[in-house]
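One structure below.
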Amino acid sequence: MTSKASDFIRDIIDADLESGKRTEVRTRFPPEPNGYLHIGHAKSICLNFGLAQQYGGTCNLRFDDTNPAKEDQEYVDSICADVRWLGFDFGSEALFASDYFEKFYEIAVSLIKRGKAYVCSLNEEEIRAYRGSLKDAGKDSPHRTRTVDENLDLFGRMRAGEFEDGAHVLRAKIDMRASNMKMRDPLLYRIRHQPHHRTGDTWCIYPMYDFAHPLEDAIEGITHSICTLEFENNRPLYDWVVANSGLSNVPEQIEFARLGLDYTVMSKRKLLQLVEQGHVSGWDDPRMLTISGMRRRGYRPEAIVRFCDLIGVSKNNSTVDMGKLEYAVRDDLNPIAPRVMAVLRPIRLTITNYEEGKSESLTVPFFPPDIGKPGEREVLFGKNLYIEATDFEEEPSKGFRRMAPGRWIRLRYGYCVRCDEAVKDEAGNVTEVRCTFDDSTLGGSAPEGEKVWGIIHWVNAADARSAEVRIYDRLFKSANPDAGGNFLDYLNVDSLETLKAFVEPGVLGEGVGPRFQFERQGYFIPDSVDSRPDALIFNRVIGLKDSWAKRDVEEPAKPIEHTKSARSVTRPKSRSKAEIRAAARERNRKLAERFARYQDVGLSEGDADVLSGSIAWGDRLEALATAGVSWELGAKWLLNEHPRDDDEPIPFASEASEFLAVIEASESRISTAAARALWTELAKERGSAEERIRSQGLEQVSDDASIQPIVDKVVADNPGKVEAYKGGKHALMGFFVGQVMRASQGKANAEKVKELLATALN
RNA sequence: UCGGGGUUCGUCUAAAGGCAGGACAUCAGUUUUUGGUACUGAUUAUAGAGGUUCGAAUCCUCUACCCCGAACCA
């Protein structure tokens with residue numbers, strides 16, 4: 001069940017394990033019980049529980065129940081059931097943030113005592129106003145300077161219920177001028193006189209997510225706290241809370257991209273709206289991509305897990321093709337669903353030359369040979385059958401390989417019949433086809449000298465069971481219903497089609513099902529809510545791929561239109577780096593002077609711009625120049641190689657100038673790669689370049705005698721590649737060079753290697 | 001005083017600075033008593049412009065575009 005594929009999160013974990021930063025992996029899936037789980041949660045569940053399985057760790061199911069106003073036991077129950085149904089084990093029971101409320105409170109008190117939190121009595125609008133905006137710094141709350149005793153007293157009374165909702169809040173004392181607004185004295189506790197679904201009336205103050213979540217993770221010994229991208233801004237606060245909590249475990253928050261799927265909506269709010277406004281029959285409507293909806297629709301958990309496997313994990317903002325989900329579902333069902341016949345849009349087929357009242361029992365397999373599974377059932381064949389209306393065309397269109405007047409076709413597993421005549425109702429619809437059969441064709445042979453146009457399925461009228469069949473289509477017509485305007489405008493009004501069908505009695509057999517493939521149509525399952533033995537109702541799980549039906553229906557897949565969110569339209573545009581540098585020069589005459597001077601000494605305007613854009617960059621260059629390095633050389637190395645996080649420009653100059661002298665003295669002394677690595681190393685650790693080249697054996701080897709054997713070996717080891725190269729795939733030169741470089745531990749002179757390789761390969 | 005992320009085939013996702021690979025979708029073909037499955041093949045991508053390098057999707061610079069952040073929601 002666990003994927004072998006890696007992703008950036010697994011890379012981080014591998015590194016953590018390798019470096020000894022972690023010795024185990026503990027994750028958690030932390031839903032708020034305020035809605036039903038959907039396919040997007042499934043991705044997170046598969047990730048978190050999958051990680052635990054893969055690394056032999058644990059994964060907690062923990063409810064983030066810190067907001068009593070929105071939460072409910074109904075959701076807790078459904079979430080637990082859904083996680084279990086997906087096949088993941090969270091131990092004997094789920095955990096709850098509300099179980100830690102007392103601990104949270106203690107930590108809050110401790111924060112107050114250490115002057116790291118205070119009670120703020122501004123009202124909601126005032127708090128917002130004091131917080132500033134994206135472009136403007138906030139300002140300190142007037143209550144920020146309250147004494148510890150005062151804060152303790154107020155906070156105690158908040159808990160005791162002395163105040164109305166909204167009268168006070170507890171805030172962390174961080175920095176109202178932080179450019180990350182999450183750090184502008186975030187709220188930790190608010191007053192809510194509201195019973196909680198688990199703690200009842202015990203509390204009237206509740207912790208905020210940003211306070212509670214990191215503490216929950218720390219308390220539970222979580223190592224990797226995986227959440228979605230929109231929490232990236234919260235990470236510094238997460239780290240602050242953990243660091244100031246006094247808790248010893250320090251979990252690491254890692255963010256990945258939430259799942260986006262075309263032709264659907266994923267937000268809980270919109271899902272709730274669909275349910276409440278009756279656009280669907282409930283959270284478990286088979287058209288909903290909730291876990292419960294997919295379960296009722298007939299998806300198996302295996303298919304969902306497989307899908308999550310297929311889509312991978314990354315930080316890219318992405319929208320997955322619905323076809324991928326459909327593929328996963330079909331691929332899961334194909335090998336396990338027994339085949340039966342059902343006619344969804346029936347018309348009569350009468351075999352005029354078949355004896356009245358006669359019937360033959362045919363033994364037919366549940367699975368086609370390629371599936372290779374045992375099992376068979378009896379199917380009755382008779383004079384009066386039903387076939388699919390869509391399997392007959394009076395005037396067959398081009399490429400139509402089914403029944404038409406005068407054509408022979410085979411009734412699946414039965415005889416071949418020729419259509420003689422179509423009977424229509426007053427409206428002109430074909431209601432019956434009258435045929436002649438050939439009694440020599442049962443085993444598989446064609447009628448003497450005739451072409452058999454195709455094979456169609458059928459059911460015997462005498463013992464057919466009628467059933468309602470529900471055909472589901474995607475809920476939205478638009479690939480991106482979130483695009484703009486009201487998502488409900490994009491609802492697909494034809495997403496549910498109800499059919500009166502006939503199915504063969506085989507579906508009632510013991511020990512088969514519940515999922516079937518109705519041959520040539522799709523996978524079906526009795527509806528778990530509405531179907532009864534005497535009134536069968538089938539859901540279509542998913543249709544078969546149908547390259548005939550889609551020949552002209554399918555609209556050309558148009559790319560998803562991404563429209564800007566309302567927020568991003570109004571979001572202020574920030575200055576570019578270039579603008580910031582220009583502004584810096586305007587403020588600082590010294591920088592302006594450098595900009596002009598650097599261009600005078602021959603640097604390009606672009607290089608001069610960057611190097612005069614901040615004090616640190618210019619100082620580095622000046623120091624290098626003072627140490628005797630040419631402006632151009634200094635600029636080149638500084639710009640291309642210098643670590644961006646270095647904030648000590650001056651002391652590096654002597655190392656750098658020595659380094660540059662050494663490598664300039666003999667161009668082929670060390671390889672470019674080694675030189676680059678060495679520069680970075682010196683920038684960080686200082687030291688003599690000459691000494692390091694010696695001690696680390698970085699000297700480049702350029703003599704044929706040393707390189708030729710390696711070249712020969714690489715060529716000999718890769719005969720296939722050599723052939724491909726000789727065949728014209730010259731891109732493989734990179735592969736060969738890479739191999740030789742690796743074999744020589746990066747010390748071979750690459751130009752030399754290329755030369756020798758070229759000779760060897762031609 | 002704005003800050004933080006992101007951009008590789010139509011879609012999703014890989015590639016120690018060294019073969020741009022896989023999956024889905026699409027299109028062909030083979031097999032098939034399912035217009036299914038399976039198999040084979042094909043098409044198609046490094047946002048743009050500069051720079052560093054023997055060699056850049058990967059490092060540097062600039063530009064463009066997308067997403068997130070100003071709930072007493074999570």
Side-chain angles (χ1 to χ4, degrees), chain A residues 5-7 30 32 34 64 66-67 69-70 124 127-128 131-138 165-166 169 177-182 184 187 189-192 208-210 213 229-235 255 257 262 310-321 323-324 327 330 334-335 339 368-371 401-402 410 412-413 444 454-455 457 517 519-521 544-549 557-560 562 564-565 567-568 571-572 574-578 604 606-607 609-610 636 639-641 672-673 676 721 724 729 731-739 741-742 749-751 753-754:
Chain A
S6 195
D7 52 63
E32 183 188 14
N34 67 345
D64 229 339
T66 57
N67 183 1
K70 299 209 249 165
E124 209 169 329
I127 287 182
R128 212 189 337 264
R131 187 147 41 213
S133 73
L134 295 176
K135 280 196 86 117
D136 303 304
D165 286 8
V169 291
R177 274 153 291 276
S179 51
N180 179 350
M181 298 196 68
K182 285 280 182 309
R184 321 242 258 229
L187 275 58
Y189 268 94
R190 77 291 218 190
I191 301 172
R192 281 273 175 284
M208 302 288 292
Y209 166 86
D210 282 312
H213 201 91
L229 248 28
E230 67 269 26
F231 293 100
E232 271 176 324
N233 294 307
N234 303 54
R235 193 185 336 129
E255 310 86 11
D262 55 11
L310 289 174
I311 58 175
V313 177
S314 77
K315 297 189 75 149
N316 299 346
N317 234 278
S318 57
T319 306
V320 175
D321 194 331
K324 207 140 193 164
Y327 164 80
R330 284 194 191 98
N334 175 46
R339 274 60 168 173
D370 56 289
I371 303 294
R401 306 211 307 259
R402 306 176 191 177
R410 176 175 295 282
R412 175 93 157 140
Y413 296 127
I455 300 158
H457 62 274
Q517 184 192 111
E519 292 221 30
R520 304 209 300 135
Q521 314 207 71
L544 254 26
K545 253 172 60 176
D546 189 345
S547 46
W548 169 247
K558 37 180 189 276
I560 296 168
H562 290 286
K564 286 172 181 263
S565 66
R567 266 282 174 69
S568 80
R571 217 183 306 269
S574 49
R575 289 177 307 170
S576 69
K577 284 183 185 173
S604 72
D607 289 355
D609 176 17
V610 176
K636 184 175 107 174
L639 251 14
N640 281 304
E641 306 303 335
T672 316
R676 297 173 81 132
K721 302 274 189 191
K729 192 170 179 191
L732 282 170
M733 180 54 85
F735 162 79
F736 289 114
V737 175
Q739 292 296 305
M741 294 305 284
R742 198 163 303 186
N749 179 327
E751 274 173 295
V753 169
K754 265 187 182 166

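Labels below follow one simple rule: chain letters A, B, ... track the order of the sequence lines, proteins then strands, and each chain is numbered from 1. Just so you know, these numbers use all the heavy atoms, side chains as well, and skip hydrogens, waters and symmetry mates.
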Euclidean distance for [atom1], [N] against [M] (whole angstrom):
N: B:C9; M: B:G22; atom1: P; result: 15 Å
N: B:C65; M: B:A28; atom1: P; result: 39 Å
N: B:A15; M: B:G51; atom1: P; result: 29 Å
N: B:G21; M: B:C59; atom1: C1'; result: 23 Å
N: B:U7; M: B:A14; atom1: P; result: 10 Å
N: B:G17; M: B:A23; atom1: C1'; result: 27 Å
N: B:A70; M: B:U61; atom1: C1'; result: 32 Å
N: B:G5; M: B:G41; atom1: C1'; result: 40 Å

Round to the nearest Å and state the distance from [X] atom [atom1] to [N] atom [atom2].
X: A:Asn316; N: B:A23; atom1: CG; atom2: P; result: 20 Å
X: A:Phe736; N: B:C54; atom1: CZ; atom2: C1'; result: 17 Å
X: A:Arg742; N: B:G18; atom1: CZ; atom2: C1'; result: 8 Å
X: A:Ile311; N: B:A25; atom1: CD1; atom2: P; result: 15 Å
X: A:Lys754; N: B:C19; atom1: NZ; atom2: C1'; result: 14 Å
X: A:Asp262; N: B:C12; atom1: CG; atom2: P; result: 9 Å

Subject >> Reading 5' to 3' through nucleotides 36-50 of chain B, protein heavy-atom contacts under 4.0 Å coded B for base, S for sugar-phosphate only, - for none >> reply: BBS------------

Can you see if the side chain of [X] gets near the phosphate of [N] - specifically, an N or O under 4.0 Å from OP1 or OP2?
X: A:Arg190; N: B:C73; answer: yes
X: A:Lys135; N: B:G3; answer: no
X: A:Asn317; N: B:G6; answer: no
X: A:Arg128; N: B:A71; answer: yes
X: A:Ser314; N: B:U13; answer: yes
X: A:Arg676; N: B:C54; answer: no
X: A:Arg192; N: B:C73; answer: yes
X: A:Ser576; N: B:C62; answer: no
X: A:Arg520; N: B:G35; answer: yes

**OP:** List for me each residue that meets side-chain hydrogen bond (donor to acceptor under 3.5 Å, both in side chains) alongside A:Glu230, sequence neighbours excluded, and say none if there are none.
**Re:** A:Thr228, A:Arg258

With sugar-phosphate meaning primed atoms plus P, OP1 and OP2, does [X] contact a base, only sugar-phosphate, or nothing at under 4.0 Å between heavy atoms?
X: A:Glu32; result: sugar-phosphate
X: A:Arg575; result: sugar-phosphate
X: A:Ala137; result: base
X: A:Asn234; result: base
X: A:Ala724; result: nothing
X: A:Phe231; result: base

Could you check whether the side chain of [X] and the base of [N] have a donor-acceptor pair of N or O atoms closer than 3.5 Å, going by distance alone?
X: A:Asp607; N: B:G51; value: no
X: A:Lys182; N: B:A70; value: no
X: A:Arg235; N: B:G4; value: no

Subject >> From B:C54, B:C19, B:A74, nucleotide with atom closest to A:Ala750 side chain >> reply: B:C54

Subject >> Among B:C62, B:A71, B:G3, the one nearest A:Ser179 by side-chain distance >> reply: B:G3

**OP:** Quick one: stems involving RNA chain B, counted as three or more successive Watson-Crick or G-U pairs, both distances short of 3.5 Å.
**Re:** B:2-7 with B:64-69, B:10-13 with B:21-24, B:26-30 with B:38-42, B:47-51 with B:59-63

Subject >> Cationic N near anionic O, under 4.0 Å, A:Arg339 to A:Glu519 >> reply: no

Original post:
Is the glycosidic torsion of B:A71 within 90° of 0, making it syn, or is it anti?
Top reply: syn

Original post:
Is the closest side-chain heavy-atom distance between A:Gln521 and A:His457 below 4.5 Å?
Top reply: yes

